[in-house]
Student: 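Below is the structure I would like to discuss, written out as structure tokens.
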Amino acid sequence: MNLLDGLNDVQRSAVEFLKGPTLIFAGAGSGKTRVLTHKIAYIIEKQFVYPRNILAVTFTNKAARELKERVKKFIGHRAGQVNIGTFHSICARLLRMEIEHIGYDKNFSIYDAADQQALIKSIIRDNNIDLEGVKPNSIKGKISYLKNEMIEPKDFKARKFVPLDRLTEYIYPLYQAALKRVGAVDFDDLLLLPLILFKEHPKILRKYQQIFKYILVDEYQDTNIPQFQLVSMLSDLHKNICVVGDDDQSIYSWRGAKVENILKFDKTFPNCRVFKLEQNYRSTKNILAAASAIVKNNENRAEKTLWADKEKGELITQIEASDEWDESGRMASSILNEIRQNKRNFKDFAILYRTNAQSRILEQVLTRNRIPNVIIGGVRFYERKEIKDILAYFRLLANNRDNVAFQRIINTPTRGIGKVTLDKLIEYANLNDFSYYETLNYVDEMKMSARAKNALTGFRNLIKQFQDIRSTITFEEWANIVIDRLGMRKYFKEDGGEESDQRLANIDELLNSIADYCSKVEEPTLEGYLEEVALITDIDSWDDKKNAVSMMTFHSAKGLEFPVVFLCGMNKGLFPIQRDPEESNEEERRLFYVGLTRAMEKIFLSSAETRNFRGENLRYEISPFMKEIPFELLEKGKTKERVISPSRIRKSSQTFNSSPEPTTKLDKSVSDSVVDAMPGMMVSHKIFGAGKIINVAGFGKNAKLTIMFRDSGKKTIIAKYVKIKS
DNA sequence: AGATAGGGGCGCCAG
DNA sequence: GCCCCTATCT
């Protein structure tokens, strides 16, 4: 196949242009993934470089996977050797190999937000810091902000009368030192440490400059300062740096992204060649007209005009609901309508909202109306207590200096080690500069009851035992044994709460994910698994094959497309969201632009007159953004409610009337097929493959199914983890 | 030690 | 509405 086939003129020139800095402005839906795919293949074919000499950076792991798949179609299995990944995953891989040069152990842990917070809390405790009402979480946020701006601990000077500033000035250096002591890096460090490494060791930088002969970066408008520096340093030898992006879609300034990176690219990288992809292949003319009208109202943007070849298409439907239940109900009925009239499938729809909190009511209303739906984001699988607990064991085993992991599990499941015992242990550890785990070898020297000493020694022996068998069996076998012997299942079973079934199912699902990891990686290891898990994003775990309505935030929708898109919560204060009244709404407007341009054929915009905020019902005005859409592109929705009355759902959950509440509690993060499982039905499971249901206990998506799998035999699995065929 | 109930406080968006 | 912290009880 010719690598230039099927491209328009600009796309073709952009693919063919290989030498030197290249900036590709790619409007929404203008085929930038197409260009990136062709370009990678073209570089390999025409320039006779090895696939491993190419570095391609994407925004999510999912995008990386897709890019790899598409390159594979051109150059076959060699595509596997192209370095494709997110900034974070590429940096993590690099650090695994090189981090010892800057004084870290290569078994470093990766700390997520919860771990960071736990570490900050332990610093506050160890140093008897008076918080003056400041929350540890705000300090965490401030530190992260400083890291994104590349302000080092020693360089931050607090404004005198701002308590958060003063506390941060004091805690930031302690925090950074603590990370190093426990052998951990946070998400921001993943980007910063390679920079430090390169600055201190020019030879190592040189090595990577030589490896990465061609560098391509997608979504360049959302890169931050460290990412910019990484890209500049790595491309400094060959200068073959190609960035793709759209300043109108820059939506991450709140976490340090600098739109100037793309706007000033041609100044920063001299002799840069600029291409503009302005033909939109995704949306109808009406949709594009609305989106363009919106984004034109922004001051700070590069001038460009997107145009579409498609037909005019339908008007944008405006839904004005009375409250959020009504809003959800009307969306549900519009979905059913579209399916009836235009023969659409559930998976053709996406509902986008500004805040995750909006998903709760939506999910309830959709599910009651038997509309299959999937929520992307919210409480993530790997952030659930039971999962984090088990992973903390894994982490302590991989890196036994990981004090945060240690604290999490020292008494989970309960083994009689309480606050007093732990305090004594921590004091001893700090006094002698030991890690908490190391301290377990000195229990005899600590002043505590014999019972406490026994419990601590027991814990040490348990961990030791896991350590000892590690080298003798595969990671998968080992993980199974660990989870088994920990007694986590028993612990959560006896917990007895409504959630305990759910927790047990999640533990099984964790084992499935481990099996999955082991089957797709050449050399599965504990460390490798932990790293993969740490860097998973919401979008990554989305099964886009499932026939269900997708629900997610505007931010998560970046890069995706759907035939029909609902943008809900079009209310002042919610979207654009209420924050500093001083600040302009430019980024919120770009977010709106991103939302609108996800749609291929049809858009619904909905608002509600009243909404519940922090428990009270408030009146909301319609979003000022609505007035920015040319009126001739809008029509009022005339949806009649043909769905289960939303008000009835609400009442039944508030009053103690006769209508029985369903006994299943709605699960907050995963919804699945509404088809009720019955014995005899065929199912498929992500890991175990095809099987047949032989027994059903409970109902709905949390029903316990006994399934006979064709290859793996009989297993018990919760309904939501299998796909029901038929 | 550890579970549980009650009260204060307030935020988004995410690797 | 929900999370986190603290007080209180077993």
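Protein chains get the first letters and strands the later ones, always in sequence-line order, with residue 1 at the start of each.
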Student: Given A/N224 and A/Y252, is the side-chain contact (heavy atoms from CB on, under 4.5 Å) satisfied, shown in steps?
Tutor: CA-CA 9 Å; A/N224 62 17; A/Y252 280 98; over 6 Å; no
Student: Starting at NZ of A/K419 and ending at C1' of C/dA7, how long is that distance when rounded to a whole Å?
Tutor: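 After rounding, the reported distance stands at 14 Å.
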Student: Would A/R590 and A/D246 pass as an ion pair if we require N to O under 4.0 Å?
Tutor: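 Salt bridge between A/R590 and A/D246, a charged N being under 4.0 Å from a carboxylate O: no.
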Student: Tell me what A/L190 touches on the nucleic acid: a base, only sugar-phosphate, or nothing, going by heavy atoms under 4.0 Å.
Tutor: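 Touches nothing.
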Student: Is the phosphate of B/dA1 approached by A/N411 (side-chain N or O, under 4.0 Å from OP1 or OP2)?
Tutor: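 It does not, given that no N or O in the side chain of A/N411 lies less than 4.0 Å from OP1 or OP2 of B/dA1.
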Student: Is any NZ, NE, NH1 or NH2 atom of the basic residue among A/E628 and A/R589 found under 4.0 Å from an Asp or Glu carboxylate oxygen of the other?
Tutor: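 So A/E628 pairs with A/R589 through a salt bridge.
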Student: What's A/K558 touching, base or sugar-phosphate or nothing? Going by heavy atoms closer than 4.0 Å.
Tutor: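 No contact.
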Student: Would you give a per-nucleotide map of nucleotides 8-15 of chain B, 5' to 3', where B means the base has a protein non-hydrogen atom under 4.0 Å away, S means only the sugar-phosphate does, and - means neither?
Tutor: --BBBBBB
Student: C1' atom, C/dC5 versus B/dC12: distance in rounded Å?
Tutor: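 Result for the C1' pair: 23 Å, nearest Å.
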Student: Quick one: pull up CD1 in A/I262 and CD in A/E219 and give me the separation to the nearest 0.5 Å.
Tutor: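 Here the rounded value is 9.5 Å.
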Student: What distance separates A/I123 CD1 from A/L179 CG, expressed to the nearest 0.5 Å?
Tutor: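 One finds 7.5 Å between CD1 of A/I123 and CG of A/L179.
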Student: As a test of understanding, state which of A/D544, A/D538, A/D543 forms a salt bridge (charged side-chain N to carboxylate O under 4.0 Å, His left out) with A/K62.
Tutor: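 Exactly one candidate clears the test, A/D544.
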Student: If we take the C1' atom in both C/dT6 and B/dG11, what is their distance in whole Å?
Tutor: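 Nearest-Å result for C/dT6 against B/dG11 at atom C1': 22 Å.
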Student: To the nearest Å, how far apart are A/L362 CG and C/dG1 P?
Tutor: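 Distance check: A/L362 CG to C/dG1 P gives 16 Å.
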